[in-house]
Every structure is written in C-alpha cells, then in structure tokens.
Novice: 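First, the structure itself, so that you have it in front of you.
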Amino acid sequence: MLTHRFWAGLFALVPILGIGLYVIAVLGVGSVGGFSFAGLWLPENANPYANAIDHLFDLVHIICGVVLGVTTSILAYVVWRYADHPGRQAEPALYITHHTLLEWIWTAIPAAILVFLGFYQLQVWADNKMNRPMVMVEGQERAVEPSALVVGKQFGWEVYYPGPDGVLGTLDDQRVENELTVPVGRPVVLRVEAKDVLHSFAIPGLRVKQDVVPGMTQLVWFQVDRPGTYEILCMELCGWGHYKMRARMKAVAEGLEAEVQE
Ligand SMILES: [Cu+2]
C-alpha cells in the first residue's frame, strides 16, 4: 500500500520537476541559497537569420512539454490507482493485454507531429544551411565569400584570415588562436573544418551550430546585429579537454576590424 504510493509520488515528480525546471529557467527570476536562476536559458539572440530557429525551438519544447506532462501524469495516476492489492482481482473490463486501435493512435500522432515539423522547418533549414547569403557586387548578385576559416582541434579553435593576397586558404594566411573577429550588421560566412576528430562549432548567442568532420569543409553564415563579445563553444564531446574549447568572437563596427585583429 505504502510502497506503491511512494512510487506513484516518485513518478509524479517527473512532470512536476521536468516542466517546473524549464519554467524556472525560462522566467529566469529568483534564487535558492545564493544560486541565481537568471541566465539559465539561452542568451538573447543577436542573429536575424535565427529568429525562426528560436521559434522552432520554442515550438518543439512546448510540444514535448505537453506530451511529457500528459504521459507521465497518467503513469503516476495509474500507479497510484491501480497498483496491486492483496486479495483484489483485476476487473475484467480493465484487464487489457493488447489494444490494436490504441497502438495505431499513439503511433500515428507522433508520426503526424514529426511529419508536420519536417515540412514546417524546411524554409528555416534552407535559409540557414543551403541558401548562402547574397550581396550585390557591381550590379551582380554574388554569394558572400567566407571571410575566415575556423579549424577545430583538440582542444581549441584556429582562426585563419586571408593574408596580403586577400585569398583564404593560401600560405600567407594569418593565424589567430581562439579569437574570431567579424563585422556587425552584414552577412558573415565562415569556413569551418576539423583537424583531428569530430567537433561542433557553436555560437549560442547567434544560434549557430555546425558539426565539423575531419576531411570535410562546411560553411556557416549569420549576421550579428549587436556589437560585443560572443562565446564560441565546441558542442561535440571530442576528448578529455572538450570543456576547454572556448573561444571568443568579437563583433565590431565596420572599419574597426583591422585594429582589433592586430
Ligand atoms: Cu571539440
């Protein structure tokens, strides 16, 4: 009797804590024992390409939150209500071992949600991963060229800028460790690569995240609308020093770029 109440209570903690912690992080107010809840959620987005990503992120979390809340609450209730009691037999109407219609329903609903999300996000994926930003050069529309090459390695980021020849990927490239500088207010394209193992190039404040694979070249693009310093992280567990793969990205007003790089 008491045991199943205990288990039911424990199961009930899953929706309460699972959803409650999200709400606390999103609201970001209050503190417990000196630990502040501010800043637990993502930093404010500074990349206009990523507003749609934030929208998708919220949508997916709301869908998952509702499903988690409903299913785990039902589980806790069922453990509470229908646990085994000595001497009591299951009512025949409630003794269900298989229900084909129910199986169809809880397969079809998640499938429909996934298919919906798949189509719903197509344009966002295209804008962020396929359609490179274009600029007008002498009356012609051209794709923005990468302004720097970022190479992930165990454990840090090498940043290469074009040297005096103005071409990226040549012998006179300038190398800087763990510091990237980009202009604000216009599209920036970067080439990202990995030297040794899988890494993931991420700038949380811009919602940029791209896995990098040795031997492959990827392009990422974004625009920074707020000058300042942003955190660059590796989001792929890549070895013992993974936590050290922090770098800084400085977003500066046009014209100041050269000064900062020196
Ligand atoms: Cu890494």
Side-chain angles (χ1 to χ4, degrees), residues 21-22 25 39-54 56-57 60-61 64 121 124-130 132-133 144-163 168-184 187-252 257 260-261:
L21 288 176
Y22 261 98
L40 290 180
W41 201 243
L42 285 166
E44 203 191 325
N45 175 38
N47 174 14
Y49 286 90
N51 292 330
I53 294 178
D54 272 7
L56 283 174
F57 194 77
V60 170
H61 273 104
C64 291
Q121 58 80 51
V124 183
W125 182 266
D127 289 343
N128 283 277
K129 297 285 184 189
M130 292 162 83
R132 218 202 299 180
V144 176
E145 288 301 318
S147 55
L149 162 66
V150 182
V151 182
K153 63 176 180 186
Q154 287 174 318
F155 294 99
W157 301 96
E158 290 174 358
V159 180
Y160 295 86
Y161 299 99
L168 196 59
T170 50
L171 283 174
D172 67 344
D173 283 359
Q174 309 244 344
R175 195 179 99 177
V176 185
E177 292 276 329
N178 296 320
E179 191 166 302
L180 172 69
T181 307
V182 297
V184 285
V188 174
V189 177
L190 301 174
R191 240 169 81 186
V192 288
E193 293 174 6
K195 214 173 202 176
D196 35 35
V197 298
L198 287 173
H199 297 280
S200 185
F201 176 75
I203 311 172
L206 305 177
R207 312 298 190 258
V208 167
K209 185 171 179 290
Q210 175 62 56
D211 286 2
V212 279
V213 183
M216 281 178 78
T217 291
Q218 312 276 354
L219 295 179
V220 296
W221 52 85
F222 51 80
Q223 180 171 316
V224 194
D225 277 353
R226 261 200 324 272
T229 304
Y230 294 81
E231 190 176 36
I232 297 175
L233 298 171
C234 177
M235 285 207 187
E236 184 79 49
L237 184 56
C238 57
W240 68 268
H242 169 66
Y243 71 95
K244 296 201 297 183
M245 286 190 69
R246 280 179 93 180
R248 288 183 308 167
M249 187 191 78
K250 285 185 179 169
V252 296
E257 245 177 300
V260 176
Q261 275 175 32

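Counting convention: from 1, in listed order, for ligands and their atoms alike.
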Novice: Do you see a donor-acceptor pair shorter than 3.5 Å between the side chains of N47 and D225?
Specialist: no
Novice: Do R175 and E177 meet the salt-bridge criterion of a basic N to acidic O distance under 4.0 Å?
Specialist: yes
Novice: H199: which N/O/S atom is nearest the Cu ion (ligand 1)?
Specialist: ND1
Novice: In sequence, state the C-alpha distance, the side-chain angles, and the governing distance for Y22 and H61, and then conclude on ring pair (Phe, Tyr, Trp, His ring centres under 6.0 Å).
Specialist: CA-CA 9 Å; Y22 261 98; H61 273 104; 5.1 Å; yes
Novice: With the Cu ion (ligand 1) at the apex, how many degrees lie between SG of C234 and SG of C238, rounded to 10 degrees?
Specialist: 130°
Novice: Cut-off 3.5 Å, no hydrogens considered: what does the side-chain donor-acceptor table look like for residues 231-241, sequence neighbours left out?
Specialist:
from: E231; atom 1: OE2; to: R246; atom 2: NE; distance (Å): 2.8
from: E231; atom 1: OE2; to: R246; atom 2: NH2; distance (Å): 2.4

Novice: Regarding M245, does it place an N, O or S atom less than 2.8 Å from the Cu ion (ligand 1)?
Specialist: yes
